[in-house]
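Working notes, structure below.
In what follows, chains are A, B, ... by sequence order, proteins preceding strands, each numbered from 1.
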Protein chains: 2
Amino acid sequence: MSKKSAAASDTETRATSEHAPDLRLWLRTLACTNLIENHIRSRLRAEFGITLPRFDLMAQLERSPQGLKMGELSKRMMVTGGNVTGITDQLVAEGLVVREDSPKDRRAYIVKLTGEGRRSFRKMAEAHETWVVELFAGMDEKQRGQLYELLAALKRSASMAAGKKLE
Amino acid sequence: MSKKSAAASDTETRATSEHAPDLRLWLRTLACTNLIENHIRSRLRAEFGITLPRFDLMAQLERSPQGLKMGELSKRMMVTGGNVTGITDQLVAEGLVVREDSPKDRRAYIVKLTGEGRRSFRKMAEAHETWVVELFAGMDEKQRGQLYELLAALKRSASMAAGKKLE
DNA sequence: TTTTGATATTTTAGGCGTCGATATATTAAC
DNA sequence: GTTAATATATCGACGCCTAAAATATCAAAA
């Protein structure tokens, strides 16, 4: 119940007393992401009739014209392999993506955008980028730059903490 | 192809040329959130056998001991009403939460934590907070403070752009 | 060669999440 | 008071997502 222990490195006090600021920081991060993600999700649906996960998968492929293996997609999208299987199935059925057999490894597929997929994606990506710009437009250049750097620090911090439990 | 138009407020150039930085900023934000959220999700599951959405709903109720209506929960959790119905059903079945009829409005329920729910939540919340502290521990105090303020600015910016006037 | 272990993907079961539709209750208009 | 518009919550269909198990291939050791 001490009001303020000036030189405190009281490692026993790691309960809910002095750490609430980190919690609030995390909740605010989450709120921002949800706000933006929900907005983008509904606009993609309303204006292009596509889901956010399908758009994201296509975005990964557009950045890698040589195609990507299912496992690569899984890593980059930060979702499980089974999930990628389902999303890919849908995109294949829509003709936006193809599964090609890997010449090097018969277990693996190489997923690529089709011509139609690429055309379709480019159109959506342009609108998508406009929306993102709008969403960040209330911050000035300097703020955006600082945020970008601080998020790099957060990524390092969280990767470290999450990564070295069991490896 | 002008290299640099110094006093440029060239509103026609809102394509994919100069706006990529905002996209990268958004993708980095998303990556951080996913990293942290996935970590917390799996630890909640592994150590307490609970899902993140159920934990989140209980967290809202713990902050509002008088209970919350379904619609309030929906707003605060930033998910749809139908979703809250399902999560609440599960928590009721586990005895962690109750639905009470609202005395003021016979359409509405007031959802509250049970005694067991409160006890159970407090235990999990303590661990949860420790994990969050760990995840942010690689940033110093000043960085966390700056990030907190910049995210407030982002929240304002995105809320504005997404079309939230008054609340 | 056969076994062993790791890797790549799919499958299955169950929970989360949206949207749109419905049932019911409240509020406002007339 | 009846009607109409709005608000609260649930349901059904469908897609996303995870964890765990199953299938198939590769690579290397016995």
Side-chain angles (χ1 to χ4, degrees), chain A residues 30 33-35 37-58 67-94 97-111 167, chain B residues 30 33-35 37-58 67-94 96-111:
Chain A
L30 193 53
T33 300
N34 286 337
L35 187 58
E37 201 170 26
N38 286 342
H39 180 70
I40 291 176
R41 184 197 316 283
S42 69
R43 287 193 81 164
L44 278 176
R45 180 185 188 82
E47 301 185 23
F48 296 106
I50 199 176
T51 64
L52 182 51
R54 288 179 211 182
F55 178 84
D56 285 343
L57 195 153
M58 292 175 79
L68 289 171
K69 294 196 299 180
M70 301 294 282
E72 257 317 302
L73 279 168
S74 170
K75 273 197 209 90
R76 300 192 187 197
M77 296 174 70
M78 303 179 81
V79 298
T80 58
N83 193 1
V84 172
T85 296
I87 300 171
T88 302
D89 286 346
Q90 300 275 5
L91 287 171
V92 168
E94 298 181 72
V97 141
V98 283
R99 261 189 260 242
E100 295 179 359
D101 293 326
S102 169
K104 296 289 183 185
D105 186 339
R106 284 189 313 178
R107 295 169 298 181
Y109 294 115
I110 309 284
V111 186
E167 192 70 19
Chain B
L30 193 53
T33 301
N34 285 338
L35 187 59
E37 201 170 25
N38 287 341
H39 180 71
I40 291 177
R41 184 197 318 282
S42 70
R43 288 194 82 163
L44 277 176
R45 180 185 187 83
E47 301 185 23
F48 296 106
I50 198 175
T51 63
L52 182 51
R54 287 179 211 182
F55 178 84
D56 284 343
L57 195 153
M58 293 175 79
L68 289 172
K69 295 196 295 180
M70 302 294 281
E72 256 320 301
L73 280 168
S74 169
K75 273 196 208 93
R76 300 194 188 196
M77 297 175 69
M78 303 179 82
V79 298
T80 58
N83 192 2
V84 172
T85 296
I87 299 171
T88 302
D89 286 347
Q90 300 276 6
L91 288 170
V92 168
E94 297 180 73
L96 300 172
V97 139
V98 283
R99 263 190 259 242
E100 295 179 359
D101 293 326
S102 169
K104 296 288 185 186
D105 187 338
R106 287 190 310 180
R107 293 169 300 181
Y109 294 116
I110 308 283
V111 186

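With C:dC16, D:dA19, D:dC11 as the candidates, the nucleotide lying closest to the side chain of B:Asp89 is D:dC11. Checked against D:dT18, C:dT9, D:dA9, the side chain of A:Tyr109 finds its nearest nucleotide in C:dT9. Checking C:dG17, D:dT18, D:dT8 against every side-chain atom of B:Val79, the shortest atom distance belongs to C:dG17.
A:Ile87 places its CD1 atom 15 Å from the P atom of C:dT11, with the value rounded to the nearest Å. At whole-Å resolution of the value, CD in A:Gln90 and C1' in D:dA13 are 14 Å apart. In this entry the distance linking CG of B:Leu73 with P of C:dG17 reads 13 Å, nearest Å. Atoms CZ (B:Arg41) and P (D:dC16) sit 16 Å apart, rounded to a whole Å. Residue A:Arg76 contributes atom CZ, which lies 14 Å from atom P of C:dA8 at whole-angstrom precision. Between B:Met70 atom CE and C:dA25 atom C1' there is a gap of 16 Å when expressed in whole angstrom units. As a whole-Å value, the separation of A:Arg54 CZ from D:dC17 P is 11 Å. Taking atom CG of residue A:Asn34 and atom C1' of nucleotide C:dC16, one finds them 13 Å apart after rounding to whole Å.
If you check every strand for non-hydrogen atoms under 4.0 Å, A:Met78 touches sugar and phosphate atoms only. Contacts of B:Gly71 with the nucleic acid, taken as non-hydrogen atoms under 4.0 Å apart, involve only primed sugar atoms and P, OP1 or OP2. Among the atoms of the strands shown, none is found under 4.0 Å from any heavy atom of B:Leu52.
An OP1 or OP2 oxygen of C:dT18 is reached within less than 4.0 angstrom by a side-chain nitrogen or oxygen of B:Asn83. OP1 or OP2 of D:dT10 lies within a sub-4.0 Å distance of a side-chain N or O belonging to B:Arg99. A close approach under 4.0 Å does not occur between any side-chain nitrogen or oxygen of B:Thr85 and OP1 or OP2 of D:dC11. Between B:Arg106 and C:dT26, a side-chain N or O to OP1/OP2 separation shorter than 4.0 Å is present.
From A:Leu91, atom CG reaches atom CD1 of A:Ile50 across 6.5 Å, with rounding to the nearest 0.5 Å. Taking NZ from A:Lys69 and NZ from A:Lys104, the interatomic distance works out to 12.0 Å, rounded to the nearest 0.5 Å.
Nearer to the 5' terminus of DNA chain C, by closest-nucleotide assignment, is the contact made by A:Glu72 (compared with the other of A:Glu72 and A:Asn38). Closest-nucleotide positions on DNA chain D for B:Gly82 and A:Thr51 were compared, and the one nearer the 5' end corresponds to B:Gly82.
Inter-residue side-chain proximity for B:Thr51 and B:Leu44 is flagged as unmet; no heavy-atom pair is nearer than 4.5 Å. A 4.5 Å side-chain heavy-atom check between A:Gln90 and A:Ile87 finds every atom pair outside the cut-off. Between A:Val92 and A:Val97 the shortest side-chain heavy-atom distance falls below 4.5 Å.
In terms of polar N and O atoms assigned as donor or acceptor, the side chain of B:Arg107 never comes within less than 3.5 Å of the base of D:dT8 in a complementary pairing.
Proximity of a side-chain donor or acceptor of B:Ser102 to a complementary backbone N or O of B:Tyr109 within less than 3.5 Å is not detected.
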